[in-house]
Number of protein chains: 2
Amino acid sequence: MGCYPTNVKIMMTLDETDRRILTHLQRDASMAFDGLGQAVNLSRNACWRRIKALEAAGVISKRVAVLDPQSVGLGLMVFIMIRTNAHAPDWLEQFRNATRTIPEVLGVYRMSGDLDYLIRARVADMGDYDRLYQRLIHRVPLSDVSASFVMEEIKDTTELPL
Amino acid sequence: MGCYPTNVKIMMTLDETDRRILTHLQRDASMAFDGLGQAVNLSRNACWRRIKALEAAGVISKRVAVLDPQSVGLGLMVFIMIRTNAHAPDWLEQFRNATRTIPEVLGVYRMSGDLDYLIRARVADMGDYDRLYQRLIHRVPLSDVSASFVMEEIKDTTELPL
DNA sequence: ACTGAAACAAGGTTAAC
DNA sequence: GTTAACCTTGTTTCAGT
């Protein structure tokens with residue numbers, strides 16, 4: 001998935017220093033090794049070597065720029081809940097392909113419980129959502145679909161607890 | 001929010017080159033300006049200047065390291081759906097504080113429709129989820145709570161379409 | 001085995017055009 | 001927008017603990 005080689009997937013054991021480094025990098029990956037090293041009490045390249053190890057082990061999967069949704073005209077977040085009775089072998093594959101290739105769709109999850117699939121997407125407005133919906137049902141047959149719009153994003157982060 | 005100064009929030013108009021740069025940075029922010037410039041047919045610091053402008057305008061809000069959830073022992077994603085009739089003024093504030101300070105909680109959304117709040121969290125396993133649930137209801141009174149677990153992550157990205 | 005200091009190479013930043 | 005100088009920072013080497 002990520003942009004670092006992950007041929008051999010070894011479960012790496014993280015010590016306190018690794019966790020401190022990762023916590024910093026999850027919040028701001030634009031820091032220089034010098035500054036990061038100071039923050040975790042390590043020299044520039046003790047820090048460097050640990051990060052390279054974390055990348056090689058696949059703990060750090062990539063570094064990305066996070067954009068402001070408002071600034072790129074995607075101010076509305078929507079969750080689309082799907083219940084289906086079509087459990088045919090290729091229906092799911094069709095659904096995977098459709099959702100993966102629609103860029104407004106940020107997350108697609110196959111769920112436990114009575115809800116079958118959950119989609120998280122960002123759109124400009126209601127009209128934009130409707131176009132997304134039309135595009136989706138055009139590519140894959142869906143029966144029971146309901147959308148719920150986000151009124152307030154109380155929290156939204158990529159930072160995992162360590 | 002982000003780590004770049006956003007005192008003045010100007011709606012920046014993005015041209016084709018800006019969008020290409022942003023698309024690259026959203027996928028891999030570890031690229032050098034040289035390589036990025038080549039990818040979008042720009043010199044090293046024409047590229048640099050555009051990126052600085054995008055940061056200053058708040059379009060790029062930050063750069064972060066994305067970790068592999070499995071590698072840090074958070075292999076289970078869960079959505080927690082909350083319906084409430086407690087619409088007291090300070091209940092919401094209490095709920096905001098509680099969810100924002102629980103690190104396993106990655107997303108908290110106030111919703112339209114019959115569902116009132118939606119929480120997205122990552123935990124190690126079912127036992128870990130139960131501890132999260134206990135912690136949550138200990139900090140804020142919740143009546144109608146139901147959890148749905150993710151069986152398969154078909155898609156999960158931070159990349160916004162441009 | 002992992003650390004830190006110093007040398008080196010590469011890339012970020014600035015200035016000039 | 002580009003090219004070229006500059007100087008911070010990433011990377012490698014090496015020696016010490």
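Proteins come first, then strands; the chains are lettered A, B, ... in the order of their sequence lines, and each starts at number 1. These figures come from a predicted structure and were not determined experimentally.
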Student: Pick the closest DNA chain D nucleotide for Cys47(B) and for Phe33(A) by heavy atoms, then say which residue is nearer the 5' end.
Tutor: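 The residue mapped nearer the 5' terminus is Cys47(B).
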
Student: Does a salt bridge link Lys62(B) with Asp28(A), judged by any charged N lying under 4.0 Å from a carboxylate O?
Tutor: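 No, Lys62(B) and Asp28(A) are not salt-bridged.
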
Student: Measure the distance from CZ on Arg50(B) to P on dT13(C) and round it to the nearest whole Å.
Tutor: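 So the two atoms are 17 Å apart, to the nearest Å.
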
Student: Less than 4.0 Å between a side-chain N and a carboxylate O, is that true for Asp116(A) and Arg110(A)?
Tutor: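 Asp116(A) and Arg110(A): not salt-bridged.
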
Student: Restricting to pairs with a member in residues 134-149 of chain B, which pass salt bridge (Lys or Arg N to Asp or Glu O under 4.0 Å), not counting sequence neighbours?
Tutor: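 Non-adjacent pairs meeting salt bridge (Lys or Arg N to Asp or Glu O under 4.0 Å): Glu104(B)-Arg135(B).
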
Student: Within this structure, what is the CD-to-C1' distance between Glu55(A) and dG10(D), rounded to whole angstrom?
Tutor: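 Atom-to-atom, Glu55(A) to dG10(D), this comes out as 12 Å.
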
Student: Below 3.5 Å is the cut-off: list the nitrogen or oxygen pairs between protein and nucleotides 4-8 of chain D, distance only.
Tutor:
{"residue": "dA4(D)", "atom": "N6", "partner": "Asn45(B)", "partner atom": "ND2", "Å": "3.1"}

Student: Would you call Arg63(A) and Glu55(A) a salt bridge, taking side-chain N to carboxylate O under 4.0 Å as the test?
Tutor: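 Salt bridge between Arg63(A) and Glu55(A), a charged N being under 4.0 Å from a carboxylate O: yes.
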
Student: Donor-acceptor check, side chain of Ser61(A) to backbone of Val66(B), threshold 3.5 angstrom: yes or no?
Tutor: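 Side chain of Ser61(A) to backbone of Val66(B), a donor-acceptor pair under 3.5 Å: yes, one is there.
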
Student: Give a yes or no on whether the ring-centroid distance for Phe79(A) and Phe149(A) is below 6.0 angstrom.
Tutor: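 No, the ring of Phe79(A) stays outside the 6.0 Å limit from the ring of Phe149(A), centre to centre.
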
Student: Atom CG of Asp18(A) and atom C1' of dA1(C): how far apart are they, to the nearest Å?
Tutor: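 Taking atom C1' of dA1(C) as the reference, CG of Asp18(A) is at 14 Å.
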
Student: Check the distance between dT9(D)'s P and Gln38(A)'s CD and give it to me in whole angstrom.
Tutor: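 The distance from CD of Gln38(A) to P of dT9(D) comes to 11 Å, rounded to the nearest Å.
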
Student: Could you walk me through whether Tyr117(B) and Tyr109(B) pass ring pair (Phe, Tyr, Trp, His ring centres under 6.0 Å), step by step?
Tutor: CA-CA 6 Å; Tyr117(B) 297 94; Tyr109(B) 313 101; over 10 Å; no

Student: Look at the side chain of Arg49(A) and the base of dG4(C), then say whether one donor and one acceptor between them are separated by less than 3.5 Å.
Tutor: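 Side chain to base: pair found, below 3.5 Å.
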
Student: Please state how far atom CG in Leu42(A) lies from atom C1' in dT9(D), giving the value in whole angstrom units.
Tutor: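 To the nearest whole Å, that distance equals 17 Å.
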
Student: OP1, OP2 of dG10(D) versus side-chain N and O of Trp48(A): anything below 4.0 Å?
Tutor: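 For dG10(D), OP1/OP2 do not have a side-chain N/O of Trp48(A) under 4.0 Å.
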
Student: Once you round it to whole Å, what is the distance between P of dG11(C) and CG of Asp34(A)?
Tutor: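 Roughly 18 Å, once rounded to whole Å.
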
Student: Distance check needed: dG1(D) P versus Glu16(B) CD, whole Å only.
Tutor: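 Rounding to the nearest Å, CD of Glu16(B) and P of dG1(D) are 14 Å apart.
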
Student: I need the NZ-C1' distance between Lys52(A) and dT11(D), as an integer number of Å.
Tutor: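 The answer, rounded to whole Å, is 9 Å.
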
